[in-house]
Colleague: 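Here it is, the structure, as structure tokens.
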Protein chains: 2
Amino acid sequence: MAANRRPTLADVAREVGVSAKTVSRVLNEDGPASAQTREQVLAAVAKLGFQPNLMARNIRVGGPDTTIGLVIPDLGNPFFGAVARAIEDTVRERGLTLLMGSSADDPDRERALTDKFLARRVSILMIVPSVGADHSHLKSHRAAGLPVVFLDRPGVGLSTDSIVSSNRAGAHDGVAHLIAHGHRRIGFIGDLPVKLYTRRERLAGYRTALQEADLPYDRALVTNAHDQQGAVTATSQLLGLADPATALFAGNNIVALGIVAELARSKRKDIAVVAFDDVPLAEALEPALTVVAQDPEEIGRTAAATALARLDGDRSRARTITVPTRLIVRGSGEHPAPALQEG
Amino acid sequence: MAANRRPTLADVAREVGVSAKTVSRVLNEDGPASAQTREQVLAAVAKLGFQPNLMARNIRVGGPDTTIGLVIPDLGNPFFGAVARAIEDTVRERGLTLLMGSSADDPDRERALTDKFLARRVSILMIVPSVGADHSHLKSHRAAGLPVVFLDRPGVGLSTDSIVSSNRAGAHDGVAHLIAHGHRRIGFIGDLPVKLYTRRERLAGYRTALQEADLPYDRALVTNAHDQQGAVTATSQLLGLADPATALFAGNNIVALGIVAELARSKRKDIAVVAFDDVPLAEALEPALTVVAQDPEEIGRTAAATALARLDGDRSRARTITVPTRLIVRGSGEHPAPALQEG
DNA sequence: TTGAAAGCGCTAACAG
DNA sequence: CTGTTAGCGCTTTCAA
């Protein structure tokens, strides 16, 4: 069974005995058409199962394609899934479709994806920048009117809109919560790589909170993990120090899973925990997990709205929009520090 | 600042003083080209920031576009995120890019998306079919050689490849596990709508397990929920029956979250639970949550591999491939039924 | 109200 | 090794 050719405008026109342009007119509701021809054309379209070739149309019209290119680190990460959903919800009514790819936080893969998207003449480009990626090659595109938005982290080498969480303030609030409950030995388990923007910002918030409380910054309390298992290891390491941590701050959702899993395994209910980014079932844990919740929906919505405004001609300065985080106190951060019992 | 035109092949050709075809040859490594011209061309390409227009290329070449259309119910659902990731990983080396959209389980939105994808001449179409959707309009496309794959659920009106979980066997095993621990009053909280394929299959597995143990099927024990809050309500309802459930089977991951949350809130540690589909932190709960785990990665990989084989000319009969589930015993299903204490 | 011709950016087919 | 011509499927422009 040979892959027979899809019907074209010309096929429909021939079927009706009319010119291709007339068919085009009917389908695009461009120009006039007699009720009679319109009906005949629509009938032929249905009969042949004709679907206009969007690529051909786009070529001729010359404008950008009705797609939006989205580069994220990992399609399977629920955080980015939520962001993508919000973007789609926002752009759908404008008729834009999502072209997605994951970079695995690899600058080369990120570049390959953006190049592909550019070759497809996307209407909008949204990128979660990988560490080490440079974006100066996008300057000319942005100058030519292509909206480019960075998500979750700022990009390098290109001045454009960025939508990020309030990482620093959020981490500060989470750590301050632990300090308020008497903790002085607070472990920090962050993202990898250590140069990652979100990790740096959250660590900065951690340090600020310590400073405000006149607590020393002890490098031995700061570590990192790039997956759940790594967070398990980091947890037992921090609890095994000569002067161990009495509380832990999780730098992201994956780390949070590792910390909680390890504390559950080792039955260390005495350790206070605050996590950056919410996780499912946080309320069902014992104690329920206190988190600094991000708002991925708001990040996605804002990114989409910003890009659409640019598409509509907004030529104002590039902005960095910070989406607030919210401390959700559920219990795990309120376990008092044992050392404070100074009877 | 006007949106100035992107450079074309002709622009590059003019810059070098050579024909458009020569530039095309160099870029596509088609036909011969002197080292000299090659260099000049590449230099001009870099200088102008030329990127070939993939749509124009596709039109001329006539084949399908190097995209794969993927329709899922919800971009934010981690299960489908994992499926999408596996698909992307499998097709990436073939140079295919993901075109994604969410249907919200609405047949009309599903149809609008597939039509868009068809208009873009995708190489492959993958669909998680919505309840009530009909797919006979895809017959001609499939006959013309377009690989169409249904994910998670079979489609209606079209005979083509489907990749599904072993819903029935998995649910059976989970319920049998509860029965083996003495439970006779096992509540079932399923998906909505009730006609959803996965719900029907899982309920069938539940019934089979009951039958095998000569337990009656009590409709009062079967309910449903379409979100976490609904599952909370359903849980308290099943536990409030005159002859209440002593164990619960969750029909999906969202329901599992609701059940666990409600049992934690009401401190009902005496209730045994098994959930269909794994959830994060299942091990950290008390008791740890026993689940019938699906394998979204394998579903995605299999779907992609099947579609690629079709693309390579496999014309064998449409297959339904069942990806096994796996019972992961963690404790929550082993709580003994109180009624069984018969001195 | 309709059609013919030209052309979008690219490549196939054939020259040279 | 390189160029010319034609044409992919569609829309724009102009004319009827």
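None of these values were measured; they are calculated from a predicted model.
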Colleague: Is B/D115 salt-bridged to B/R111, cutoff N-O under 4.0 Å?
Modeller: yes

Colleague: Let me know, please, whether B/P32 or B/I59 comes out on the 5' side of the other along DNA chain D by nearest nucleotide.
Modeller: B/P32

Colleague: Please report, rounded to the nearest Å, how far the C1' atom of C/dC10 is from the CZ atom of B/R6.
Modeller: 15 Å

Colleague: Could you tell me whether the side chain of B/R25 has a donor or acceptor atom within less than 3.5 Å of a complementary atom in the base of D/dG3?
Modeller: yes

Colleague: Hey, are B/R301 and B/E298 close enough for a salt bridge, meaning a charged N less than 4.0 Å from a carboxylate O?
Modeller: yes

Colleague: Take the protein atom CE of A/M55 and the nucleotide atom P of D/dT11, then report the distance between them rounded to whole Å.
Modeller: 14 Å

Colleague: Considering only C/dC10, C/dG3, D/dT11, which nucleotide approaches the side chain of A/V18 most closely?
Modeller: C/dG3

Colleague: Separation of B/K21 atom NZ from C/dC10 atom C1', in whole Å?
Modeller: 9 Å

Colleague: How do A/A20 and B/V61 order along DNA chain C: which one's closest nucleotide is nearer the 5' end?
Modeller: A/A20

Colleague: Using heavy-atom distances to pick each residue's nearest nucleotide on DNA chain D, tell me which of B/T37 and B/R121 is more 5'.
Modeller: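 Result: B/T37.
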
Colleague: Can you tell me the distance, in whole Å, between the CZ atom of B/R14 and the C1' atom of D/dT2?
Modeller: 18 Å

Colleague: Any donor-acceptor pair under 3.5 Å between the side chain of B/R60 and the base of D/dG7?
Modeller: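 Side chain to base: pair found, below 3.5 Å.
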
Colleague: Quick one: A/N58 CG to D/dT11 P, roughly how many Å, whole number?
Modeller: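 Rounded to the whole Å, the gap is 10 Å.
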
Colleague: Could B/R57 and B/D65 be called an ion pair, given the rule that one side-chain N must be under 4.0 Å from one carboxylate O?
Modeller: no

Colleague: Over all strands shown, is A/T22 touching base, sugar-phosphate only, or nothing at heavy-atom distances under 4.0 angstrom?
Modeller: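 Since only primed, P, OP1 and OP2 atoms lie under 4.0 Å of A/T22, the category is sugar-phosphate.
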
Colleague: Does a nitrogen or oxygen in the side chain of B/T8 sit under 4.0 Å from OP1 or OP2 of C/dG9?
Modeller: no

Colleague: Consider the side chain of B/S34, meaning its heavy atoms from C-beta on, and name the nucleotide among D/dG3, C/dC10, D/dC1 that approaches it most closely.
Modeller: D/dC1

Colleague: Just compare C/dC10, C/dT2, D/dT11 and give me whichever is closest to any side-chain atom of A/A33.
Modeller: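 Closest of the options to the side chain of A/A33: C/dT2.
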
Colleague: Determine, for A/D11 against A/R14, whether the closest basic-nitrogen to carboxylate-oxygen distance falls under 4.0 angstrom.
Modeller: yes

Colleague: Out of C/dA12, C/dG9, D/dT12, which nucleotide sits closest to the side chain of B/D30?
Modeller: C/dA12

Colleague: Separation of A/N53 atom CG from D/dC8 atom C1', in whole Å?
Modeller: 9 Å

Colleague: Rounding to a whole Å, what distance do you find between B/L9:CG and C/dA12:P?
Modeller: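 Taking CG of B/L9 and P of C/dA12, I get 12 Å after rounding.
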
Colleague: Could you state the atom-to-atom distance from CD of B/E39 to P of D/dC1 in whole Å?
Modeller: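 B/E39 atom CD is separated from D/dC1 atom P by 15 Å.
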
Colleague: Salt bridge or not for B/D161 and B/R317, using N-O below 4.0 Å?
Modeller: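 Salt bridge absent between B/D161 and B/R317.
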
Colleague: B/N28 side chain: which of C/dT2, C/dT11, D/dG3 is closest?
Modeller: C/dT11

